[in-house]
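In what follows, a structure is listed as structure tokens, so that the remarks can point back to it.
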Amino acid sequence: MSIETKEEDNLGLAKCLQHIYASLDVVAIRCALELNIPDIINNHDGPVTLAQIAHGINSPSLNVDGVSRLMAFLVHRQIFDQVHDQPEPLYNLNPCSKWLVKDPNTSIAPLEIFHEGMACRTRITMDALMSKYKFDELKGTLVDVGGGLGAAINEIVTSYPHLKGINFDLPQVISIAPKYEGVTHVGGDMFKYIPPADSIFLKSVMHNWSDAECIQLLKNCRNSIPAKIGKIIIVDIILHQGGDSVFEDTRVSHDLLMLSSVGSGKKRTEAEWKKILKETGFYRYNVIQIPAIESIIEAYSD
């Protein structure tokens, strides 16, 4: 075996082991969150020592050596920064760990907990969406299909009060939805009908369903909006095979998540989106990139 072949084999082995032990990343991050380490660091004006972290945790049974090893791991994984050239290690937040601080507007820490995680994802996506998409070009009624408790459509009509909002979801969901000014809650089955509207909003809905189910849903959408002037606004992931976006790894991981948790659900490439849109009469569409793992697909009913 040549030296070059041996080096290639070792690199392959190292890469394989890295993926195998990657599950430790989420364990370590969750441990740091439970110990409140991101907030302890954030509450200081600058980098903190291990002793300051331990003091902030304030536990009589704290394994300080364990915390030191945890921080070494998280620094290696580039979750936290370590300041060098000091008599003792100093730790600081970096652009990654800043997202773990318990700020209600920016933290992604709840993604360890399903229901809080869903709300967290929705907030990040909506912030990105509202920063890029101008709903002032829409008129009349906007229906949010699969809108849950109505938080998204409420945010839209609050910012664009000229719109009338309909939050459409299953009756059992609508029954517990809070009242919002400018929003009407309607219960029903989106695979049977969708309330008439001028435009339709579909955020993180279609990835739950197979192509056949999405085609049925899109046909219902097309039947509920005015011919030639109606529009649907899809907010969902578009896969870019071999793409170099900073979010592409997360997008691909989400596709595997849909396979394992939903079965028939999937993330789609632009070609796959185009196919199901074309089959339902949405021959024109426009993709708008937003600073999130999702994109916007505007599709027109002509």
More than 12 heavy atoms from other groups under 6.0 Å of NE2 on His55: no
Donor-acceptor contact present, side-chain Asn167 to main-chain Val143, <3.5 Å: no
Nearest heavy-atom neighbours spanning Phe80 and Pro38: CZ-CG, 4.0 Å
Taking every non-hydrogen atom, the tightest pair across Cys214 and Ile276: CB-CD1, 4.1 Å
Ile232 vs Leu277 side-chain heavy atoms within contact, under 4.5 Å: yes
Ionic contact status for Glu294 with Arg251, cut-off 4.0 Å: no
Common cluster, Met126/Val157, ILVMFWY with side-chain heavy-atom separation under 4.5 Å: yes
CG on Leu163 to OG on Ser199, rounded to 0.5 Å: 7.5 Å
Exam field: side chain His162 to backbone Gly140, donor-acceptor pair closer than 3.5 Å: no
Rounded distance [0.5 Å steps], OG1 in Thr125 versus CD1 in Ile293: 6.5 Å
Glu270 with Lys274: basic N within carboxylate O range, under 4.0 Å: no
Validation row: Ile296, Ile234 side chains within 4.5 angstrom (heavy atoms): no
Nearest heavy-atom neighbours spanning Ala292 and Ala128: CB-CB, 3.8 Å
Cluster link Val75 to Leu100, ILVMFWY, side chain under 4.5 Å: yes
Minimum heavy-atom distance Thr49-Leu90, with the two atoms named: CG2-CD2, 3.4 Å
Nearest-0.5 Å distance that lies between atom CG in Asp211 and atom CE in Met206: 8.5 Å
Joint cluster assignment, Val287 & Phe282, ILVMFWY side-chain distance < 4.5 Å: yes
Distance flag, aromatic centroids of Phe191 and Trp209, threshold under 6.0 Å: yes
Residue Glu181 excluded, over 12 heavy atoms near CD under 6.0 Å: no
Asn94 side chain near Ile79 side chain, heavy-atom distance below 4.5 Å: no
Common cluster, Leu202/Val173, ILVMFWY with side-chain heavy-atom separation under 4.5 Å: no
Donor-acceptor pair, side chain of Asn220 and main chain of Met190, under 3.5 angstrom: yes
Close side-chain approach of Ile166 to Ile153, heavy-atom, < 4.5 Å: no
Pairwise distance CG(Leu170) to OG(Ser175) - rounded to 0.5 angstrom: 10.0 Å
Residue that, paired with Leu239, satisfies side chain to side chain contact (heavy atoms under 4.5 Å, CB included) out of Arg268, Lys266, Glu248: Glu248
Arg77 atom CZ, over 12 foreign heavy atoms within 6.0 Å: yes
Validation row: Ile37, Ile53 side chains within 4.5 angstrom (heavy atoms): yes
Hydrophobic cluster identity match, Ile288 and Phe135, side-chain contacts under 4.5 Å: yes
Polar side-chain atom of Ser295 near backbone of Ile237 as donor-acceptor pair, under 3.5 Å: no
Check against side chain to side chain contact (heavy atoms under 4.5 Å, CB included), Tyr160 and Lys134: CA-CA 9 Å; Tyr160 299 91; Lys134 303 303 180 184; 4.2 Å; yes
Which atom of Gly148 lies closest to which atom of Asp169, heavy atoms considered: N-OD2, 2.7 Å
From CG (Leu142) to NZ (Lys231), nearest 0.5 Å: 10.5 Å
Student check: side-chain heavy atoms of Ile290 and Ser131 closer than 4.5 Å: no
Val101 side chain near Leu93 side chain, heavy-atom distance below 4.5 Å: yes
From CA spacing to verdict: side chain to side chain contact (heavy atoms under 4.5 Å, CB included), Ile229, Tyr300: CA-CA 7 Å; Ile229 62 171; Tyr300 307 93; over 6 Å; no
Side-chain donor/acceptor of Ser159 to backbone N/O of Ile156, under 3.5 Å: no
Minimum side-chain heavy-atom gap Tyr180-His185 below 4.5 Å: yes
Met71 backbone acceptor or donor facing His76 side chain under 3.5 Å: no
Residues Asp65 and Ser68: side-chain donor-acceptor under 3.5 angstrom: no
Pro226 backbone acceptor or donor facing Ser301 side chain under 3.5 Å: yes
Pairwise distance SG(Cys221) to OH(Tyr193) - rounded to 0.5 angstrom: 13.0 Å
CD (Gln78) with more than 12 external heavy atoms under 6.0 Å: no
Backbone N/O of Ser210 and side chain of Glu213: donor-acceptor pair under 3.5 Å: yes
Closest non-hydrogen atom pair between Pro89 and Gln82, with its separation: CB-NE2, 3.8 Å
Donor-acceptor side-chain pairing of Tyr133 and Glu298 below 3.5 angstrom: yes
Under 3.5 Å: donor-acceptor pair, side chain of Glu272, backbone of Thr269: yes
Candidate pair Ile174 and Val186, rule side chain to side chain contact (heavy atoms under 4.5 Å, CB included), full reasoning: CA-CA 7 Å; Ile174 294 302; Val186 177; over 6 Å; no
Distance-only polar pair, side chains of Asn36 and Lys102, donor-acceptor under 3.5 Å: yes
Under 3.5 Å donor-acceptor, Asn208 side chain and Val205 backbone: yes
Test log, rule side chain to side chain contact (heavy atoms under 4.5 Å, CB included), inputs Asp236 and Lys267: CA-CA 8 Å; Asp236 218 315; Lys267 304 298 182 181; 4.0 Å; yes
